[in-house]
Amino acid sequence: MRKSNDFDGGIDFMSMKSNQTSSKLNVLNTPKIFTILVDDVVVIKNKIVVNIGQIVLRGQVLALGYKNIAPMHSPASGLITQITNEEFKFFSNKRYSVINIQSDGKDRWINRTPIHNYKDLSVNKIIQFIYNAGIVGLGGAGFLSSKKLKYSIKKVHTLVVNAAESEPYVTSDDCLMQNFATEIVQGCQIVMWILKIKFVLIAIEDDKHLAYIKVHDAINHLSGFEIRKIKKKYPSGSSKQLIKTLFDQEIPSGKHSIHLGIILFNVATIFSIKRAILNGEPLTERIVTLSDKDALYQKNFLVRIGTPVKHILLENNINFKSNSIILGGPITGFIVDNVNFPILKTSNSVLFLKSSLLKYELEQPCIRCTMCSRACPMNLLPEQLYFYSKSRDHDKSKEYSIQECIECGICEQVCPSNIPLLTYFRKEKLKINKIILKENLSTKFKKLFLSRQSRLRSLESINENIILSNSILDKKFEENLILDKKIENLITNKSQNIRKVELEAAINRAKQKQKLNKCLIDRQ
């Protein structure tokens, strides 16, 4: 198989990463109050299983999952102090239920049940354990890992471990590999056993020298494992670009790498799968990079899910009032306007920079320079998509494949007119998704209506048949009655005739007897 080792478009940002600082894993003191966000869909389905005033242990389920939403677990032992409902406009414009937990500082776990003999259990049971542990894709997508595994059974031959964190400043995966390489390999072996995969390819960017050495040493004597360095280039961590780089294959539009026989997992997700099975631990913490704009202050911390951003900053003596905070990478992350916002399962970085450095350049008209098109790694035409998005020409947006946009934000970075292209595209995709959802619902309701009409027609037909059938039966019943009457008459007539014959015979016998008696008398 030919390997391209590159993909079209993309951009090579300055790394803003330090191998020295990414080696050490720091432990953050636990906050007094944790904030857990629960998707409102779960709340609608009454899946929150704790109440205010309840004592909980670390790892205890707070909210059950629902469809594509993973269960949420308590990151510490303590007391449920508040359950509210809140909307975070800067995050997703969605409402969430917010569960506040006051830590008791004792960090008492639930009874954990490690499964060392996982090969003795069924595949479905192991996948269910992964679901129960709340494991989702930690690379940013947040997709349910259990669902991905279930869908991949008997469909894939290769596991790709995505360790390419191409955004500047972020070194959490780098730190993970340097400190937990053996456990990552164990996580790979669990996935290999579930999907009966024989080949694992671990992709690491060529600037992660120490991580490469650690992982290389961990797989050195294992068969079926390969590690490969890929060029440091944004967005090499995107699944489509990574498959193109590693296998020189393109994922078809609207499809997934699974259709090529390849399953991708972020390296942190693999690690959390290992912890869920071999340690019996639900997902309650992850590694987060804390960095400033110049990367002079760059550290990696093991942070509990639900830790407020404000706590991380205060623990590191960072003045959050004079800094702007970006949660996630500087390109795809979002500016946090509420420092009480918590670390999520998909949060891999907290970047702080002086508020004065965040300059909002005035949007200028597009000059058709096509720089965005040349940089787009998906070979789209962002300048066209911009015009269609702005004019709300949804059909044209779809025709120019806006749904294929991976939201890497490169177009926005290279635009000389300071057009917030990513914002336009996200809004347009959201509108198109709503239209598609509306159309699907309309189709669904139409189908249900037609189905109901069909059922009603069938019911009417059945009733008509019953009436017809009853009338036939009634007629037959009447005919049978007439027939029975005729038979009865015949029998009656027959009986009368028989009796008449018998009477005549009796009279004849009596007459003959009289004659016989008279003859006997005469002889005497």
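Numbers here simply count residues along the sequence, with the first being 1.
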State, yes or no, whether a side-chain contact exists between Ser236 and Phe7 at a heavy-atom distance under 4.5 Å.
-> yes
Applying side chain to side chain contact (heavy atoms under 4.5 Å, CB included) to Lys106 and not counting sequence neighbours gives Ser77, Asp104, Arg108
Is there a donor-acceptor pair under 3.5 Å between the side chain of His311 and the backbone N or O of Lys32?
-> no
Look up atom CD1 in Ile126 and atom CG in Leu121, then write down how far apart they are to the nearest 0.5 Å.
-> 4.5 Å
Can you tell if the side chain of Val303 reaches within under 4.5 Å of the side chain of Leu290, non-hydrogen atoms only?
-> no
Work out which heavy atom in Arg304 is nearest to a heavy atom in Asp107; give both atom names and the distance.
-> NH2-OD2, 2.9 Å
How are the rings of Tyr297 and Phe352 set to each other: parallel, tilted or perpendicular (split at 30° and 60°)?
-> perpendicular
Compare all side-chain heavy atoms of Arg426 with those of Leu430 and state whether any distance is below 4.5 angstrom.
-> no
Heavy-atom check, side chain of Thr307 versus side chain of Pro75, under 4.5 Å | no
For the residue pair Gln128 and Asn124, confirm or rule out a side-chain donor-acceptor distance under 3.5 Å.
-> no
Passes side-chain contact (heavy atoms from CB on, under 4.5 Å), Ile80 versus Asn100? Steps please.
-> CA-CA 6 Å; Ile80 305 290; Asn100 287 334; over 6 Å; no
Lys345 (side chain) donor-acceptor with Gly134 (main chain) under 3.5 angstrom = yes
Heavy-atom closest pair, residues Thr289 and Ser172 | OG1-N, 3.0 Å
Say whether, by atom type as modelled, one donor and one acceptor occur between the side chain of Ser74 and the main chain of Ala76 under 3.5 angstrom.
-> yes
So CD1 of Ile273 and OG of Ser145: to nearest 0.5 Å the spacing works out to 5.0 Å
For the pair Thr284 (side chain) and Gly59 (backbone), establish whether a donor and an acceptor sit closer than 3.5 Å, ignoring hydrogens and angles.
-> no
Is any side-chain heavy atom of Ile153 less than 4.5 Å from a side-chain heavy atom of Ile127?
-> yes
Cation over ring face, Lys299 and Phe301, 6.0 Å, 45° = no
Look at atom NE2 of His221 and say whether more than 12 heavy atoms of other residues, nucleotides or ligands are closer to it than 6.0 Å.
-> no
Determine the interplanar angle of the Phe271 and Phe180 rings, folded into 0 to 90°, and report it as parallel if under 30°, tilted if 30 to 60°, perpendicular if over 60°.
-> tilted
Is a side-chain N or O of Asn162 found less than 3.5 angstrom from the main chain of Gly237, in a donor-acceptor match?
-> yes
Can you list the steps and then say if Cys405 with Leu385 is a side-chain contact (heavy atoms from CB on, under 4.5 Å)?
-> CA-CA 10 Å; Cys405 173; Leu385 290 173; 5.6 Å; no
For Asn117, does the CG atom sit with more than 12 other heavy atoms under 6.0 Å from it, leaving out its own atoms?
-> yes
Hits for side chain to side chain contact (heavy atoms under 4.5 Å, CB included) against Ile204, two or more places apart or cross-chain, chain-then-number order -> Ala163, Met177, Ile202, Lys208, Val215, Ile227
Start with the C-alpha distance between Ile230 and Asp206, add both sets of side-chain angles, then the distance that settles side-chain contact (heavy atoms from CB on, under 4.5 Å), and finish with yes or no.
-> CA-CA 6 Å; Ile230 60 172; Asp206 54 12; over 6 Å; no
Crowding at NZ, Lys214 (>12 non-hydrogen neighbours, <6.0 Å) | no
Examine the side chains of Asp173 and Asn348 and answer whether a donor and an acceptor come within less than 3.5 Å of each other.
-> no
Distance in Å, Lys310 NZ paired with Ile325 CD1, rounded so as to fall on 0.5 Å steps | 12.0 Å
Please check if any side-chain donor atom of Ser238 sits under 3.5 Å from a side-chain acceptor atom of Gln241, or the reverse.
-> yes
Enclosure of Lys429 NZ (heavy-atom neighbours >12, cutoff 6.0 Å) = yes
Got a donor-acceptor contact below 3.5 angstrom from the Asn220 side chain to the His216 backbone?
-> no
Would you confirm whether Gln298, through its side chain, and Tyr169, through its main-chain N or O, come within 3.5 Å as a donor-acceptor pair?
-> yes
Please confirm whether the backbone N or O of Leu246 pairs with a side-chain atom of Arg228, one donor and one acceptor, at under 3.5 Å?
-> yes
Is the side chain of Ser152 donor-acceptor paired with the backbone N or O of Lys148 at a distance under 3.5 Å, no angle test?
-> yes
Can you tell me if Glu404 and Ser253 form a side-chain donor-acceptor pair at under 3.5 Å?
-> yes
How far does CD1 of Ile410 sit from CD1 of Ile331, to the nearest 0.5 angstrom?
-> 7.0 Å
Check whether any side-chain heavy atom of Asp292 sits under 4.5 Å from a side-chain heavy atom of Leu351, and report yes or no.
-> no
Do other residues, nucleotides or ligands put more than 12 heavy atoms under 6.0 Å from the NZ atom of Lys434?
-> no
Return the minimal non-hydrogen interatomic distance between Glu285 and Ile305, and the atom names on each side.
-> N-CG1, 3.8 Å
Considering all heavy atoms, the nearest Lys147-Asn68 contact = NZ-OD1, 2.5 Å
Output yes when a side-chain donor or acceptor of Thr113 lies under 3.5 Å from a complementary backbone atom of Gly280, and no otherwise.
-> no
So, Asn433 versus Gln403: side-chain donor-acceptor pair below 3.5 Å or not?
-> yes
Kindly check if the number of other-residue, nucleotide or ligand heavy atoms within 6.0 Å of NZ (Lys150) is above 12?
-> no
Please report the C-alpha distance between Lys274 and Ile184 in whole Å, then the side-chain angles of each, then the deciding distance to 0.1 Å, and finally whether the side-chain contact (heavy atoms from CB on, under 4.5 Å) criterion is met.
-> CA-CA 7 Å; Lys274 181 267 167 186; Ile184 291 166; over 6 Å; no
d(Thr81 OG1, Ile33 CD1) to nearest 0.5 Å is 5.0 Å
Do Phe34 and Pro342 have side chains that get closer than 4.5 Å, going by heavy atoms?
-> no
Can you name the residues that form a side chain to side chain contact (heavy atoms under 4.5 Å, CB included) with Ile69, not counting sequence neighbours?
-> Asp39, Val41, Val42
Measure the CG-CD1 distance between Asn51 and Ile99 for me, rounded to the nearest 0.5 Å.
-> 10.0 Å
